[in-house]
There are 2 protein chains.
Amino acid sequence: MVSPVAPSSGALTPLGLPGVRLLPGFWGSQPTQTIIDHCYTWMERVGWIGNFAGEPRRGREFSDSEVYKLMEAMAWAGDPRIEELTRVVAAAQEADGYLNTKWPGARYTDLEWGHELYCYGHLIQAGIARKRTHGEDELWDVVRRAADHVCATFMEGTEVCGHPEIEMALVELYRETGAERYLEMARRFVERRGLPALADIEFGRAYYQDDLPVRRAEVFRGHAVRALYLACGVVDLAVETGDKELLETVERQWERTVARRTYLTGGMGSRHSGEAFGDDYELPPDRAYNETCAGVASVMLAHRLLLATGDPRYADLAERTLYNVVAAGPALDGKSFFYANPLQVRVPGEKVEGVSPRAEGGLRAPWREVSCCPTNLARTFASLPAYLATADERGIHVQHITPSVIGHDGLRVRVSTGYPWSGSVTLTVEEAPADPRRITVRVPGWAGGGRHEWERSWQQGEEVRLDIPMSPRWVRADPRVDAVRGCVAVERGPLVYCAESPGDAPLLSQIEVSTATPPVERGPSLEVAARHVVAEDDGWPYGEARTEQGEPMVLWLVPYHRWGNRGPATMRVWLPEAR
Amino acid sequence: MVSPVAPSSGALTPLGLPGVRLLPGFWGSQPTQTIIDHCYTWMERVGWIGNFAGEPRRGREFSDSEVYKLMEAMAWAGDPRIEELTRVVAAAQEADGYLNTKWPGARYTDLEWGHELYCYGHLIQAGIARKRTHGEDELWDVVRRAADHVCATFMEGTEVCGHPEIEMALVELYRETGAERYLEMARRFVERRGLPALADIEFGRAYYQDDLPVRRAEVFRGHAVRALYLACGVVDLAVETGDKELLETVERQWERTVARRTYLTGGMGSRHSGEAFGDDYELPPDRAYNETCAGVASVMLAHRLLLATGDPRYADLAERTLYNVVAAGPALDGKSFFYANPLQVRVPGEKVEGVSPRAEGGLRAPWREVSCCPTNLARTFASLPAYLATADERGIHVQHITPSVIGHDGLRVRVSTGYPWSGSVTLTVEEAPADPRRITVRVPGWAGGGRHEWERSWQQGEEVRLDIPMSPRWVRADPRVDAVRGCVAVERGPLVYCAESPGDAPLLSQIEVSTATPPVERGPSLEVAARHVVAEDDGWPYGEARTEQGEPMVLWLVPYHRWGNRGPATMRVWLPEAR
């Protein structure tokens, strides 16, 4: 199965890369190769590749993992430069399988922050991608030696890595090899967590999900990427061991997280401090962290839960997150990236030409000292087709409507659509077997949910159509989401919109929109009626309510994923509502 | 002048400790000695005093400063144990005056984070307190040697400390000694900042006010305590050098900070990340950091600006901050302390028995790994009388109404009042000179501002009275403070109120108050009409507005400074307003 995730059982089967070919369109036109090239250039420049060749060590303790994520992207994209990277990486592996450029001579002396097992996780995923797209080669040997070294070193004992990631990689390696020790090692890493296994730290053990055993936790908490990667591994483990209780535990954690700790964009992580989930309903738009990598991880998790259960709510969240977090990550030219994805920016960000030391969400940067997001986007875009459609014994499921050709078991269907700009979809059968097959299209939750199904013996050239209603919608938040009380947001199809005000900072701090009339569509943009309110400064911002004058105005909204492409700007998703 | 601040000029003169004697009352009954004892016990236990005696080094890099702050408190309080601490500290001083328990052998190798000059600042302030209350002794010798060492080491060059503090200490040392080199050293430390003088860091140079020269900054930014300590030093410098432009610069920075970056409680610092000011109007109640020490620093700054300018707005902010940040710091028993002072807590804090590694504001802790707040409270309470009244050539100014006896230049006045619980105040002349004197009482801004003045030849026993209106007030925020849109708060006198719900977490997440009727006074508490709204969970917290059912209820409000004394609780200052 040419897919990042290939479970041995589950409600739905992935189609993998060969089963879905993207055509030009929202997802088919993403700058995947540009991002891969960009990451390669930057990692050569900042020395993270050179680290493997014994050059003076540069970069953070987890920089090896960026090279591995890039290799994974190259494997999915069929980029032959993976071979030279493989040679560089292989040369750095020690005789017993240990491989890390940061800690030679001090192996595993800092499991809390060292990231060694985390790096192996990404190495293994790169190796699996290469094996599934190309077959066994030197990288596969490196991966097997590293994984066997991990099993030999950690099978006994109580240790885990401060950053989960290796769990899902080991389960996938078990899927690829059938070697039980990898599954058992993953199981032990999962079950050791929260006993506890790591030291207490300023952020608290919840930071690395070591506050509670996985089976006892009720919600995702702590560092968002860590929490979501761990949950991916737990789902994989539950599926392969048939542990239904464990799967249901993750489903409940996901459910509460989505109901109480998730932004309208699908973004996760309310706190800059600890890059972490906040408490229930702590969802500030301005200080939303919503790391791009947490968006990637959330899509990875939702995909696993969809495959395991078939429940479309997982695809719903994946779609929301893909369009409004993942797609927002790269600039339109694919050469700069958001790390944090806030829903409000009061002060225009500053343009960064080189390496940014910071994760702020004001303006995309070409590279960062912590540059996990570009490589994570690279591997996600390169393997994206594998996330878009699934199959069961009756036929194919189009999970995400986008221009593409989907083939499985003798049936090949072309999806023609302007989605997400238009809701009309035509499915054309390009090839069909004689016996009946079902074609299923998921209808997003915001369009009423459910699915369209057609089951018959298909003829070549036969078409079916559906229309998803795409009128803009006013959206309000649960009153417990205190930070956006009295505000509305606008969605259209799967897209969240925002007001963006390049070079005009004061404006967005003093608007109120009228919801009496619906937003008017202007191409991909929207127009809403608003007024510009001027509050007076009198030295102290609290006191009796003041009646401000308001000038009527028209406010333009743009799709959130496109914001920040026109230079420094202020921005807001949640708009104060005039009363 | 027995006062922490003794400027050589200014609109108002401090009265100092001998001029103000606190009587039992809100400020006179604070557990000052208990806090001093508590700090001493804990610092012996955690080894921060032992560090000076060559015991294995324990604690963070700035722990010496806690010992010095405790010594300053002891000096103001007349606690004789300062003598034994002086002997311990003096023994650790090196021959050339260098004194630090963390960095011997690696002096000044990390000015960004080393805190060596910061520690000297607190040492100098302790020495000045001792000299002003007792006279020259061994501590004074230690201070002079240390200060001369600093001048010898740093007078030339471009270096500053990552944590401002020494600037105000050096100016005060100049005031006490007349030695110009201390003033010049302070001037250079101030003027070097922002050229820049320090390395860039993940938080950005604004974290330690090294992003811009002081003279070019328009607002306080970065780490709140650092920003406010620096501003204190800048005011002191401006006063002693007669630099009116520099003084006005700080006034403008203060003005914008108060208008846009200050909480209703007077708290400063909107971000946990970097313990920092946020952008203008970024004032989330739940993630308000509002470090207790930033409250102390803000009072120190306001006091300096009041003395320099005579403008009562500075005393207004000091009063707000004293009652709603500083007074909130210690528990009623004086044995546990808040570090962060949020305006909303959704999840009850956890009780800490020992040393807390964290700064969370959910419940007071007896001690922390970073325990700046208890010692800062100790020195503030011990010197508080010096902040409460001032003088000019006509007579005395009662800046803060509280039970006390205030004496200056032959006039002695007893202030009798139940303030802040009652607004009636009686001033009784206990002693008077023959010639006329003026008695001025500042009227807080929330009561209309201005001042009451009586000028005459006073007779012993003569009384004057005033009444400050103390009815509870509904308060709303400038609409640009997005995080509390649609909410009201309640103030009464100088006190901000809050709803506190021990053991009843869900309640405070789902209330709406009615402002149709005024709050009803019940002793120090208030009662407001509210309804309890039950929102339904349907898995996704965004969508069409829902009409929730609401049960009428009565909501009790308590003074904010008293919250968290009844065990784990949820709390909120800003209350959603029913419409």
Side-chain angles (χ1 to χ4, degrees), chain A residues 200-204 255 258-260 262 264 270-273 278-287 313 344 346-347 357-359 369 445 473-487 489 509-510 512 533 535 537-546 548 572 574 576 579, chain B residues 200-204 255 258-260 262 264 270-273 278-287 313 344 346-347 357-359 369 445 473-487 489 509-510 512 533 535 537-546 548 572 574 576 579:
Chain A
D200 195 9
I201 49 173
E202 189 184 333
F203 293 130
E255 200 169 307
V258 171
R260 302 183 179 193
T262 301
L264 184 64
S270 307
R271 296 182 178 177
H272 281 241
S273 176
D279 293 330
D280 286 354
Y281 303 113
E282 180 192 319
L283 292 160
D286 47 357
R287 292 295 281 173
R313 65 182 180 166
Q344 178 177 8
R346 286 193 187 80
V347 178
R358 283 172 278 287
E369 281 177 15
R473 310 180 295 279
W474 298 110
V475 180
R476 292 176 182 82
D478 184 303
R480 286 168 290 186
V481 184
D482 293 293
V484 297
R485 191 183 312 287
C487 291
S509 69
Q510 305 193 54
E512 292 181 353
V533 179
D537 275 326
D538 67 355
W540 181 241
Y542 310 104
E544 291 305 303
R546 288 165 292 194
E548 279 93 16
R572 61 188 305 161
W574 290 102
R579 286 169 187 273
Chain B
D200 195 8
I201 50 172
E202 190 183 333
F203 294 130
E255 200 169 308
V258 171
R260 303 183 179 192
T262 302
L264 184 63
S270 306
R271 296 182 177 177
H272 280 241
S273 177
D279 293 331
D280 285 353
Y281 304 111
E282 180 192 320
L283 292 161
D286 46 357
R287 292 294 282 172
R313 65 182 181 168
Q344 177 176 9
R346 287 194 186 78
V347 179
R358 283 174 277 287
E369 282 177 14
R473 311 180 295 279
W474 298 110
V475 180
R476 292 176 183 81
D478 184 302
R480 286 168 290 186
V481 184
D482 294 293
V484 297
R485 191 182 312 287
C487 291
S509 68
Q510 305 194 51
E512 291 180 353
V533 181
D537 277 326
D538 66 355
W540 182 241
Y542 310 104
E544 291 304 303
R546 289 166 291 194
E548 278 93 17
R572 61 188 305 161
W574 290 101
R579 285 169 188 273

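In what follows, chains carry the letters A, B, and so on, assigned in the order in which the sequence lines appear, proteins first and then strands, with residues in each chain numbered from 1. Just so it is clear, the model here is predicted, and its values are computed rather than measured.
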Look at A/Glu202, A/Glu369, A/His272, A/Arg287 and state which one has the largest set of heavy-atom pairs under 4.5 Å with chain B. A/Arg287

Sequence-distant partners of B/Glu255, side-chain hydrogen bond (donor to acceptor under 3.5 Å, both in side chains), two or more places apart: B/Arg313

Does any backbone or side-chain atom of B/Leu283 lie under 4.5 Å from a heavy atom of chain A? Answer side chain, backbone, both or neither. side chain

About how many Å separate CG of A/Asp286 and CH2 of A/Trp574, when rounded to the nearest 0.5 Å? 14.0 Å

Is the shortest side-chain heavy-atom distance between A/Glu282 and A/Arg271 below 4.5 Å? yes

Most chain A-contacting option - heavy-atom pairs closer than 4.5 Å, from B/Trp474, B/Tyr281, B/Phe203: B/Tyr281

For B/Asp482, side-chain hydrogen bond (donor to acceptor under 3.5 Å, both in side chains) partners two or more places apart: A/Gln344, A/Arg346, A/Arg572, B/Arg485

Need one label for B/Ser270: side chain, backbone, both or neither, based on atoms under 4.5 Å from any heavy atom in chain A. neither

A/Asp280, part contacting chain B, at a heavy-atom distance under 4.5 Å: backbone

Which of B/Leu264, B/Val475, B/Val258 touches chain A most, by non-hydrogen pairs under 4.5 Å: B/Leu264

Testing the basics here: between B/Ala483 and B/Pro284, what is the closest heavy-atom pair and its distance to 0.1 Å? CB-CA, 3.7 Å

Does the pair A/Asp200/B/Arg358 count as a salt bridge with the N-to-O cut at 4.0 Å? yes

Under a 4.5 Å heavy-atom cut-off, does chain A meet the side chain of B/Arg579, its backbone, both or neither? side chain

